[in-house]
J.: 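First the structure, then my questions, so here it is.
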Amino acid sequence: MTRTVDRRDVAEVLDRIASFMELQGEQPFRVRAFRSSARAVDALPKPIQDAIDDGSLARSKGIGPSTMQIVHEVVTTGHSSLLEDLREQVPPGLVDMLAISGLGVAKIRMIHERLGVDSLPDLEAAAREGRLAALPRFGKKTAENILQGIASLRRASEYRLLHHATEEARHLTTALNQLPGVVQTQVVGDVRRRMELVQELVIVLVADVPPAEVFRRLADLPGIHELAGTDERVVTLRFAGGSSAQIIVTTPVNAGAVLLEATGSRAHLDQLADHAQSKGFALHGAALWRGSEFITTPDEATMYRALGLDTIPAELREGHGEIEAAAAGSLPDLVQAGDLKGLLHCHTTMSDGANTIEQLALAARDAGFQYLGVTDHSQSATLAGGLDPDLIRDQAETIDALNERLDGFLVLKGIEADILVDGSLDYESDVLAGLDFVIGSIHSRFNMSREHMTGRLLSAMDNPYLNIIGHPTGRLLMARNPYPLDLDAVFAKAAATGVALEINADPHRLDLDWRLAARAREAGADITIGADAHGVAGLANVRFGIDMARKAWLTAERIANTKSATEFVAWAKRRRPRAGG
DNA sequence: GCCGTTTTCGGCCCGACTGTTTTCAGTCG
């Protein structure tokens, strides 16, 4: 039996079709059409079957009769005959190479034709042996970059991004909840601790029947390819699609200890074991003991309480001082999703977003927010449709008119301005002065030296109209390293100038990293959580930003967009020169 | 292949810059 096909599987099929066609030398516009259909499928706000049934998929921009037919085939049969035909014609290894930064179609073709290389291992060997560097238009540097690209691809195959893992876990728990005898399911491990990258999905089943019986019923679930038992409490599920999840079964009386153990992290558990010992307890085999006496722990709170600790939120369990804080009763009152009053960093159809200002505003209002900060790209971002000063004025008029109609909800005028090489923003002060707030981001020249890049950011923070540094390190998870920065200098300057640092909530970025956000907090810098939404669906990204903020021990008062709209605008404008002096 | 219509084809996001190499593929949003 095949695993239920979800929209990500379908999007991947469409994207791979595009890649094969690209390598075949197919018309660029045809390739692009498949890529945009993949994006359209991936961005669906509902399960793919529902979107087919209610006709919303067929109406989506980028989906036509041809791609619709492919979607149908993939959903009903689990495969695409077009993709299978293409696999016969183009070695799949060449498609894998497209994922390497610095390798495009032209170079891959050259490598294939001249060296006969058609797989990543072959490519790696060719790079190491100097055969690659000897090709025309290649060199030593290119070969090195390709080796690095292969290494990071390998890392990427071991991890999944948090939003993907979260979605997989939700599907799985829905199925597991149906099993007879299961009284509770809880996602644990990296997903529960909201790690930005997840190595393994782990789920605890609290059951009032023996584990063996649960496992027998597990095997009957649709989509399970294989059950690989490791011991009597733990089983690894393998799905037809190649992914896997670990299932841990426990009884209600010991659920607290098992949940704690399975949630981790290793560092937290080690420190907890030391703490338990100092209190005359021991942690053995995912249970709590006092001498030879088994202590029942029906939930985690019971377990922490027995050890004289306040309950530690899962996000904080990283061994970064949370046990001392819990013992002292000084755990922070972490920011929660409901604390966020405004959505910042949103792109509209005026630059590269998919929805209008009004659509975003209504969606934000429906989601319970009080204001929306519109920040389209600036004029340097030509491809992304950056706004020139005239368009900024047009947008302001649109927003003013919209605000008159929106009862009790406010759209704020902002911009995501490019921070240029010299640290200046790409608008004059008179343009910036007409806005409610300004985000500055680096979108070019990522390879400057640490010294120059740091100077670029520090100098940008001297601009009195700048309020927020967007995605401060420029990283893309598993795809692009952060640019080099003296972060201590950046955090100190942010604290001194009152410029906030963004936790960009796009699950591909999550930048600032939570470890760095904790350092920024200690340095006294303000933080904002930015959706970086390019459409209505992207507004929901803020939850990942909240996750990262919580991991950084942040409370609501340290996050600028927990302020009301009026307070936020006052906060943004406090840096500006006063009129007339 | 999709879109939009000035309905059945023509147009489809740019362009400055980079690195490596020596004329261009890849990058960035």
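A, B, ... follow the sequence lines: proteins, then strands. Residue 1 opens every chain. Computed from a predicted structure; not experimentally measured.
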J.: Got a sec, which residues hit side chain to side chain donor-acceptor pair (under 3.5 Å) with A/H164, two or more places apart in sequence or on another chain?
T.: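 Checked A/H164 against side chain to side chain donor-acceptor pair (under 3.5 Å); zero matches.
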
J.: For a quick check, with a 4.0 angstrom heavy-atom cut-off, what is the B/S/- contact string for nucleotides 22-29 of chain B, read 5' to 3'?
T.: SBBSSSSB

J.: My understanding is that only residues two or more places apart in sequence, or in another chain, count here; which of them pass side chain to side chain donor-acceptor pair (under 3.5 Å) with A/D400?
T.: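 Counting only residues at least two positions away or on another chain, A/D400 forms a side chain to side chain donor-acceptor pair (under 3.5 Å) with A/K413.
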
J.: Pick the P atom in B/dC14 and in B/dC9, then give their distance to the nearest Å.
T.: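 Comparing P positions in B/dC14 and B/dC9 gives a spacing of 25 Å.
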
J.: Mind listing the side-chain donor-acceptor pairs of residues 97-117 of chain A below 3.5 Å, one per line with the distance, residues two or more places apart or on another chain?
T.:
| from | atom 1 | to | atom 2 | distance (Å) |
| --- | --- | --- | --- | --- |
| A/R109 | NE | A/L23 | O | 3.1 |
| A/R109 | NH2 | A/L23 | O | 3.3 |
| A/H112 | ND1 | A/V117 | O | 3.2 |

J.: If the C1' atom of B/dG15 is compared with that of B/dG10, how far apart are they to the nearest Å?
T.: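 Result for the C1' pair: 24 Å, nearest Å.
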
J.: Where along nucleotides 1-7 of chain B does protein come under 4.0 Å, by heavy atom, of base (B) or sugar-phosphate alone (S), with - for untouched nucleotides?
T.: BSS----

J.: Scan every strand shown for a Watson-Crick or G-U wobble partner of B/dA25, both distances under 3.5 Å, and answer none if you come up empty.
T.: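 Base-paired to B/dT18.
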
J.: Between B/dT18 and B/dC12, how far apart are the C1' atoms? Round to whole Å, please.
T.: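 So the two C1' atoms sit 27 Å from each other.
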
J.: Take atom C1' in B/dG11 and the same atom in B/dT6, then report the distance between them in whole Å.
T.: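 Roughly 14 Å separates the two C1' atoms.
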
J.: Can you tell me how far P in B/dT5 sits from the matching atom in B/dC13, rounded to whole Å?
T.: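 Straight-line distance between the two P atoms is 15 Å.
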
J.: Using the side chain to side chain donor-acceptor pair (under 3.5 Å) rule, pick out the option among A/E416, A/H377, A/H345 that qualifies with A/S441.
T.: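 Among A/E416, A/H377, A/H345, the one that satisfies the side chain to side chain donor-acceptor pair (under 3.5 Å) with A/S441 is A/E416.
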
J.: Could you pull out all residues at least two apart from A/D547 that satisfy side chain to side chain donor-acceptor pair (under 3.5 Å)?
T.: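 A/D547: side chain to side chain donor-acceptor pair (under 3.5 Å) contacts with A/R194.
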
J.: Distance check, P atoms only: B/dC28 and B/dT23, in whole angstrom units.
T.: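 Roughly 25 Å separates the two P atoms.
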
J.: If the glycosidic angle is within 90 degrees of 0 it's syn, otherwise anti, so just tell me which one B/dT7 is.
T.: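 In terms of base orientation relative to the sugar, B/dT7 is syn.
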
J.: Sequence neighbours left out, cut at 3.5 Å: what donor-acceptor pairs do the side chains of residues 62-72 of chain A make with other protein atoms?
T.:
| from | atom 1 | to | atom 2 | distance (Å) |
| --- | --- | --- | --- | --- |
| A/T67 | OG1 | A/G64 | N | 3.0 |
| A/T67 | OG1 | A/G64 | O | 3.2 |

J.: Does the side chain to side chain donor-acceptor pair (under 3.5 Å) test come out yes or no for A/Q49 and A/D53, once each step is laid out?
T.: CA-CA 6 Å; A/Q49 190 65 55; A/D53 293 344; 3.2 Å; yes

J.: Given the P atoms of B/dT22 and B/dG29, what is the spacing between them in whole Å?
T.: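 Going atom to atom, P in each nucleotide, I get 28 Å.
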
J.: Considering residues at least two apart in sequence or located in another chain, which fulfil the salt bridge (charged side-chain N to carboxylate O under 4.0 Å, His left out) criterion with A/E502?
T.: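 So A/E502 forms no salt bridge (charged side-chain N to carboxylate O under 4.0 Å, His left out) with any residue.
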
J.: Whether A/R32 contacts B/dC13 is assessed here as follows: a side-chain N or O lying under 4.0 Å from the phosphate OP1 or OP2. Is that the case?
T.: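 So the side-chain polar atoms of A/R32 do come within 4.0 Å of the phosphate oxygens OP1 or OP2 of B/dC13, strictly under.
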
J.: Going by atom type alone, with no hydrogens or angles, which donor-acceptor pairs under 3.5 Å involve a side-chain atom of residues 125-136 of chain A and a protein atom two or more places apart or on another chain?
T.:
| from | atom 1 | to | atom 2 | distance (Å) |
| --- | --- | --- | --- | --- |
| A/R128 | NH2 | A/E124 | OE2 | 2.9 |
| A/E129 | OE1 | A/R131 | NE | 3.1 |
| A/E129 | OE1 | A/R131 | NH2 | 2.9 |

